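Letters A, B, ... are given to chains in the order of the sequence lines, protein chains preceding strands, and every chain is numbered from 1. In this text the structure is predicted, and so the values were computed from the model without any measurement.
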Amino acid sequence: VSLLPFLAVAFAAGTLSLMTRRARVASAAIGLLGLVVAALLAAGIREDQPFAIAGGALAGTAYARLFLVLGCVGGLLVSIVALATSWPASLPGATLIGLGAAGIALGVTDPGTAVAAATGGGVVGILITLVGRVTERGLFIAVRELRALVAAGVLALLAAAAIADPIAAARINPSIAALAYFAFVAAVALRFGAIPFHVWAARVADSAPEVGLPLVTAWSPAAFAVVALSWTQTAVPAFAEPLVAERLIVIGVAAVTIVLATAAAIVNDDIEHVVGYSMIADGGVALMGLTVLDPAAWAATRTWLLAVVVTKTAFAAWAAAVHATYNTRKVSDLRGWATHSPLLGLALLCTLVAGVGWPGMAAFSARAQLLDLALPAPLGILLLGAALASLFYYGRLLVIGLMRPTDIVAHAAQRPVRQQPDPFAARPRPRSAGRRGGVHVPDAGALWLARRTAVAAIAVLVLAALSIGVAGGAFGVRAAAEAPPPLLPPQQSALPSTEPKASLEPLPSPSGTGTGPASSAAQVGPVGPVLSPSP
Amino acid sequence: VSPWLAALAVAVVAGGVVAVSARETRAAVLGLTVSGVTAPLLADPLPAPLPLAARLVAAVLAGYVLLISIRARPVTRGSRLGWPVEALLAASAAVAGLGAAGFAGPAGGPPEAEAAAFALGAVAIGPILRGADVFRLAVGLVLGVLAAGLGRVALAGTPSALDQIVVGGLTIVLAAAAATLAHAQARHDPTVTTTSFRIPLDALRARGLLPAGRETVVAAREGVRRGREPIAPGRAAANPTVANERPVRGVAGALDRVLGRRS
């Protein structure tokens, strides 16, 4: 029940903000206020029993609470950065609806419903990519994105329908079961833009505003991946076949994605491309989590997803702030940026710490554990090295920022630390300026214009600090990631069984132990007690 | 095979065939709406009235949203193969789906749903893979979602009410996003598509297929294409040879036309 107020506010405020987007001030005010209220309501989500609604069930979980709170706070901070840089009118509305859809996806007990919700949330994100006068290229990219999103949704819907629960998984044709697993994981790869499905994601990173990237390429795919993880961890262990070949193919795709996307991020000269490829590379690690059918991968994958989305939100916000400050996206033109924008430099340093990490941090441990579980020792260590090469693209940006400034940086019109416009200077429309009760009140608009770059830098810094906290395991990340998915209580989930004889037995699990959903599904599956037919 | 369900499956597939074959966008939207309205009924047992109503409203709303987006674009490419080929393709896929009922294990829903899912999926693949314009892609994507929904019914039985509502929401969101893109494309240049296909405006005008009220805009767009000064849609045309008057719509426009005040 605690999830419902959040959903109501997210959908209502998001829809209202989108419908009024031609009235920019009203739309922004509704969206920002909606994000604040939604964050407060998300913080009130409790771990409670599934609430039966319309034949289905919704439940609040600790993970959903953390995901949604961080999403709302991140969305709010990104919106502040957008206000100060480039404002896509659809940003707060699409963020709210996307997070509302993620709330349904994380709270609902039926995997098919969760997939439909996660797909709908992703589709709304397309609105962010269309900003200003639509060009033929922008339209083409948005069309590609829409096609990829819906194709992924259709694949996952069919897979979830084929194997709705462990009972179905146990009695399904093994080849169809393997096909369903492959389809669901391919859908996740499509959503993350994993290589070879990376074309749409790379083009979106080029075309969409930086502030829109977190929702399109991080939050929405992450919610989809969490749904896929719940499905694979509860249903797939019941398969009769071990799915060796299928998992090997997915491991290959994930490994290639990690290596090539990291390399692309290192060598690219466009900061938007760097952000985009870094997101794709981190998606490869998440994809690796879907290949491990061990309950030990459950908490690690969820921890990684949570850390990645916050870190990449901070990275994208940093890119937006740098782009707006120096009016260029070329890395080679940005020499000396860090010395002229120390707040942004500090923010990138924090993002580096969160993105790369060190042993002991939750995100670092999660990544190392996932790669260790998915691959044997030498290969796993090599791939971990490739993943840690993210240090180079962060480090390259920082080193360039400390070099001798280029003319573009040295003559940037708006810098957060020097030569700010005088807020008391005469303005064409001094609406709120003047003397009130003997006190000179500065024009709020002039103040905003003068300080907006600094405000954006502070928002980016807060986001980066938040990402360090999440990557380090603060805010109860570990406990939330280890919690099982929402499950129906036995009295609500008793389904009539068509099997002649059935006995209540625990699910076979590769490792047998663990705190993941497979062990909890052994007692109560997503649609009821796990019944295995007796011979 | 139940006759009622078989008739519904035929209606679903016929709507899909019309949607992908028609060159007039309004006919395509009509086919899509028919398919969207009849698809939720193809279940055994039938969904409860309220979630069914939600799906029906979602299908109609999705059609209406797409209709709004294509006011400036009366035609689409349609199927180059023609409707008989699309119908044959759908029929063969439906037969394959009917024969494959229960292929994944014990079937949870009617075989007619599986046949319709296969047929809709077959006709949707073309527009999805090679959507010549955004509207046609939107038709393919909505049909793909409908096919996935029918596949779910065939595999797992009638979905819950919550699922029906969420799928209805997905249909509306998808149609709205596609309509936004289609509208943006029409504003950009209604004669340009993502492929080399160009709308034959002269032929359409000669056949009287251009809807009243849009000639000014289309003529202005043609001006843009031919290198004249661009103008905003709905405003006075830059070319003096083009009618320099904004068409009056609605009841007033109809009265004007009836009374002959406008040429």
Taking every heavy atom of Ala9(B) against every heavy atom of Glu112(B), the minimum-distance pair comes out as CB-O, 4.0 Å
Is Ser17(A) reaching over with its side chain to a backbone N or O of Ala13(A), donor-acceptor style, under 3.5 angstrom?
no
Using a 4.5 Å cut-off on heavy atoms from C-beta on, say whether the side chain of Val153(B) contacts that of Pro110(B).
yes
Is a side-chain N or O of Ser230(A) found less than 3.5 angstrom from the main chain of Val226(A), in a donor-acceptor match?
yes
Quick one, Leu18(A) and Ser90(A) - any side-chain contact, counting heavy atoms below 4.5 Å?
yes
Among residues 162-174 of chain B, residues within the sub-4.5 Å heavy-atom range of chain A, in order of number, are Leu162(B), Asp163(B), Ile165(B), Val166(B), Val167(B), Leu170(B), Val173(B), Leu174(B)
Residue among Gly121(A), Gly153(A), Gly112(A), Ala117(A) with most heavy-atom pairs under 4.5 Å to chain B:
Gly112(A)
Determine the option with the most heavy-atom pairs under 4.5 angstrom with chain A, choosing from Ala148(B), Gly144(B), Gly140(B).
Ala148(B)
Without swapping roles, check the side chain of Arg191(A) against the backbone of Leu149(A) for a donor-acceptor pair under 3.5 Å.
no
Close side-chain approach of Pro127(B) to Leu137(B), heavy-atom, < 4.5 Å:
no
Let me know if Ala178(B) has heavy atoms under 4.5 Å from chain A in its side chain, its backbone, both or neither.
both
